[in-house]
Participant: 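Provided herewith is a single structure, encoded as structure tokens, for subsequent inquiry.
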Amino acid sequence: MKNTKEIIESISSWKRTNSCGELRKKDIGKEVVLMGWVQSRRDHGGLIFVDLRDCNGLTQIVFDPEESTEAHQKVRKIKNEYVIAIKGIVVPRLPGSENPNMPTGDIEVRVKQIKILNISEALPFNIDDKLEISDNLRLKYRYLDLRRPKMQRNIKLRHQICMEIRNYLNNKGFLDIETPFLTKSTPEGARDYIVPSRVNPGKFYALPQSPQLFKQLLMIAGFEKYYQIVRCFRDEDLRADRAPEFTQLDMEMSFIDREEVFSLIEEMFVYLFKKLFDVEIATPFLKMDYQEAISKYGTDKPDLRFGMEIIDLTKVFNKSSFKVFQEVLSNQGKICAIKVEEDNQFSRKKLDDLQLFISSFGAKGLSFIKFKEGKDFQSSIAKFLSSEEIEKIRRETKAQQGNIILIIADKKEIVYETLGNLRLKLANDLNLIKKEKEEYNFLWVTNFPLLMYNQEEKRFEAVHHPFTAPLDEDIKLLDSDPLKIRSKAYDLVLNGNEIGGGSIRIHNNDIQKKVFKLLGIDDKKAEQKFGFLLQALKYGAPPHGGIAFGLDRLAMILAGARSIREVIAFPKTQKATCLLTDAPSEVDLKQLKELHIKLDL
RNA sequence: GGGGUCGUAGUGUAGCCUGGUUUAACACGCCUGCCUGUCACGCAGGAGAUCGCGAGUUCAAAUCUCGUCGACCCCGCCA
């Protein structure tokens with residue numbers, strides 16, 4: 001780049017007086033110094049208009065050869081994204097040339113002096129929100145992508161969320177306490193990210209999947225109210241709402257039970273929404289049993305912004321002549337349905353499409369019945385249906401003319417998962433969720449089972465995590481019927497997204513040992529992996545519990561984004577790489593040697 | 001590990017199904033010049049792509065086939 005040195009000037013004694021977003025009519029007559037990037041230049045030969053951008057907004061600045069020949073000469077050289085400083089007078093725009101689309105559209109700055117602070121090559125893409133740019137390019141030039149107003153808004157919103165959460169919790173007496181990143185690998189849960197230890201050959205740290213154990217130790221240490229906005233690491237495959245490193249709002253409290261957690265969090269969201277959007281959130285939030293969520297919505301994170309609940313038709317078909325249904329029933333399966341009320345001409349293609357969709361959840365087939373005028377109906381399983389069954393279906397589903405009943409018969413888990421997902425897909429396809437109206441539908445899902453059975457490994461697993469307390473009345477089942485035990489775990493669901501989850505913890509050494517045992521963690525292994533916790537539980541551990549929120553997910557929902565990458569400044573790709581820095585990458589042999597590591601590829 | 005969508009000038013797309021009248025089109029951006037009230041400024045001219053990469057089929061491949069790489073969505077996985 002030739003002549004660079006001649007063009008670029010020092011900021012020297014100039015001081016910025018205002019941001020580009022703030023000048024209004026009331027500032028007319030003031031001499032101001034603005035600094036920022038050239039968003040666009042409109043050269044009329046004589047007059048030259050420039051939109052100057054900084055993190056606060058845009059201001060139109062005008063170069064008139066009659067005002068300053070020197071400034072006018074200089075500005076002819078500038079291009080998009082040059083960094084400039086200007087000194088000039090705020091003046092009203094000519095009557096009729098005000099721009100109502102700009103907050104600063106009533107004024108402009110008549111420039112007397114300009115300094116070019118830096119030049120810019122032509123960018124790989126434009127800094128505006130109009131064009132959809134591929135993720136590939138956006139991530140490679142993330143620092144440019146982040147210049148776009150939409151990204152600036154998202155990142156600012158995220159900051160505000162964090163700030164207000166901190167304000168709220170600080171005022172409630174919570175302490176922000178840091179916990180280690182280089183910590184110990186624990187069994188159960190997700191795959192760990194591993195860090196080799198140089199000074200301890202052959203040994204490894206694990207990055208924390210969450211600060212779970214440390215926050216419990218902080219309660220035992222007597223801090224009583226802890227929070228942290230903290231990075232967590234899980235080496236699992238990604239999704240639109242899941243990244244390998246993500247941020248949690250992590251909290252823990254002593255001497256509380258579930259109700260205290262609920263009311264504290266509800267109040268926090270009321271505060272947050274009031275501060276951020278001036279929106280009133282109604283409390284208390286709705287609560288729903290895990291079992292009810294599963295049986296009505298097929299998921300533990302139901303979206304209650306629309307109906308279309310799952311209807312159990314198992315009994316209706318108990319004498320079915322349909323072989324497929326008979327088989328399902330004899331294997332203790334279920335036959336359930338959802339009703340599509342919108343009078344939709346479900347075309348053959350649409351039904352094929354749904355057929356394909358449900359198969360991805362392991363369901364084998366989708367049957368349908370469309371109720372028409374009077375007793376008339378149309379069905380994929382018409383020849384297996386008795387008129388009595390038809391009437392029962394009509395009654396159970398309260399189907400009206402034009403409604404379509406979609407039926408899945410399969411193993412219980414598959415039926416619920418499939419219909420749960422089908423429900424969401426149909427709501428989306430049929431536009432049942434009114435997007436134009438911001439709706440925040442909060443829901444506590446409670447009384448999760450403590451354990452589930454892992455068929456492959458032939459053992460119990462913790463539904464939440466191994467430190468979750470059973471319901472008091474279910475403790476007696478620990479010895480007799482572990483799968484029936486309900487836990488003091490809870491999730492907070494917002495518009496069908498799980499935004500947080502937590503539990504009251506076990507603070508009793510004996511119960512903790514028992515739970516470990518049920519999970520197949522014998523005394524020796526428990527000692528080796530969680531010895532420090534079991535030990536700590538012996539020294540006057542207070543009753544305690546807490547909750548953690550997925551901050552990325554929360555920010556995503558509040559920003560109206562479709563992926564958490566939109567609210568993370570420097571996100572990773574689906575293969576957990578960073579296109580900007582090219583991480584992960586190979587390291588020097590010397591580094592590996594220091595770490596006592598040999599590669600085996 | 002599996003299924004799907006996508007990959008064409010700097011960017012976003014069209015062309016691909018049905019191979020050859022395509023010298024690969026359009027818009028934005030970029031470069032040069034003109035233009036004193038624009039704000040998606042306007043006008044005139046110009047540069048820029050061996051169609052992700054590799055093999056195959058064919059007289060002929062952006063177009064068909066296979067492989068491979070990358071991005072995204074989903075299943076598995078994520079207490």
Participant: Hey, is the side chain of A:Asp237 pairing donor to acceptor with the base of B:rG76 inside 3.5 Å?
Facilitator: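 Side chain to base: pair present.
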Participant: Nearest to the side chain of A:Glu108, heavy atoms from C-beta on, is which of B:rC72, B:rU38, B:rG29?
Facilitator: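 Ranking B:rC72, B:rU38, B:rG29 by closest atom to the A:Glu108 side chain puts B:rU38 first.
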Participant: Determine whether any donor atom in the side chain of A:Arg242 lies under 3.5 Å from an acceptor atom in the base of B:rC77, or the reverse, and answer yes or no.
Facilitator: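 Checked by distance alone, the answer is yes.
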Participant: Any Lys/Arg nitrogen of A:Asp250 or A:Lys215 sitting under 4.0 Å from an Asp/Glu carboxylate oxygen of the other?
Facilitator: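 Looking at A:Asp250 and A:Lys215, the cut-off is met.
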Participant: Out of B:rG12, B:rG37, B:rC39, which nucleotide sits closest to the side chain of A:Ser134?
Facilitator: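 Comparing B:rG12, B:rG37, B:rC39 against the side chain of A:Ser134, the answer is B:rG12.
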Participant: Can you measure A:Asn99 atom CG to B:rC41 atom P for me and round it to whole angstrom units?
Facilitator: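 Going from CG in A:Asn99 over to P in B:rC41 covers 11 Å.
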Participant: Can you measure A:Gln60 atom CD to B:rC39 atom P for me and round it to whole angstrom units?
Facilitator: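 Going from A:Gln60 (CD) to B:rC39 (P), I get 10 Å.
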Participant: If you check every side-chain atom of A:Pro65, which of B:rU36, B:rG10, B:rC74 has the closest atom?
Facilitator: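 So the nucleotide nearest the side chain must be B:rU36.
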Participant: If the C1' atom of B:rU11 is compared with that of B:rC51, how far apart are they to the nearest Å?
Facilitator: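 Those two atoms are separated by 16 Å.
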Participant: Validate the cation-pi geometry between A:Lys425 and A:Phe357: distance from NZ or CZ to the six-membered ring centre under 6.0 Å, angle to the ring axis within 45°.
Facilitator: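 Yes.
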Participant: A:Gln574 has a side chain; which of B:rC74, B:rG37, B:rU36 sits nearest to it?
Facilitator: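 Looking only at side-chain atoms, A:Gln574 lies closest to B:rC74.
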Participant: Below 3.5 Å between N/O atoms, which protein atoms pair up with nucleotides 31-35 of chain B? Just atom names and distances, please.
Facilitator:
from: B:rC31; atom 1: OP1; to: A:Lys79; atom 2: NZ; distance (Å): 3.2
from: B:rC35; atom 1: N3; to: A:Asp43; atom 2: O; distance (Å): 2.7
from: B:rC35; atom 1: N3; to: A:Gly45; atom 2: N; distance (Å): 3.4
from: B:rC35; atom 1: N4; to: A:Asp43; atom 2: O; distance (Å): 3.3
from: B:rC35; atom 1: N4; to: A:Asp43; atom 2: OD1; distance (Å): 3.2

Participant: Under 5.5 Å between ring centres and under 30° between planes: does that hold for A:Phe125 against the base of B:rU11?
Facilitator: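 No, the aromatic ring of A:Phe125 does not stack with the base.
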Participant: Measure the distance from CG on A:Leu137 to P on B:rG70 and round it to the nearest whole Å.
Facilitator: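 Whole-Å distance recorded here is 17 Å.
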Participant: Looking at A:Tyr205, A:Phe181, A:Phe246, which one forms a ring pair (Phe, Tyr, Trp, His ring centres under 6.0 Å) with A:Phe233?
Facilitator: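 Only one option passes, and that is A:Phe181.
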Participant: On a whole-Å scale, what distance lies between the P atoms belonging to B:rC35 and B:rU23?
Facilitator: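 Per the computed distance, 40 Å lies between those P atoms.
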Participant: Describe, in one word, how the ring planes of A:Phe262 and A:Tyr490 are oriented to each other, choosing from parallel (under 30°), tilted (30 to 60°) and perpendicular (over 60°).
Facilitator: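 Rings of A:Phe262 and A:Tyr490: perpendicular, as their planes differ by over 60°.
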Participant: Salt-bridge test for A:Asp129 and A:Lys150: reply yes if a basic N is under 4.0 Å from a carboxylate O, no otherwise.
Facilitator: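 A salt bridge is absent here (no side-chain N lies under 4.0 Å from a carboxylate O).
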Participant: Rounded to the nearest angstrom, tell me the gap between atom CG in A:Asp128 and atom P in B:rA27.
Facilitator: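 Whole-Å distance recorded here is 18 Å.
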Participant: Is any N or O donor-acceptor pair between the side chain of A:Arg93 and the base of B:rC39 shorter than 3.5 Å?
Facilitator: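 Indeed, a donor on one side and an acceptor on the other fall under 3.5 Å apart.
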Participant: Quick one: are A:Arg505 and A:Glu252 in side-chain contact, heavy atoms under 4.5 Å?
Facilitator: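 A side-chain contact exists here, since the closest heavy-atom pair is under 4.5 Å.
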Participant: B:rG70, B:rC72, B:rC30: which one has an atom nearest the side-chain heavy atoms of A:Asp135?
Facilitator: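 Shortest atom-to-atom distance from the side chain points to B:rC72.
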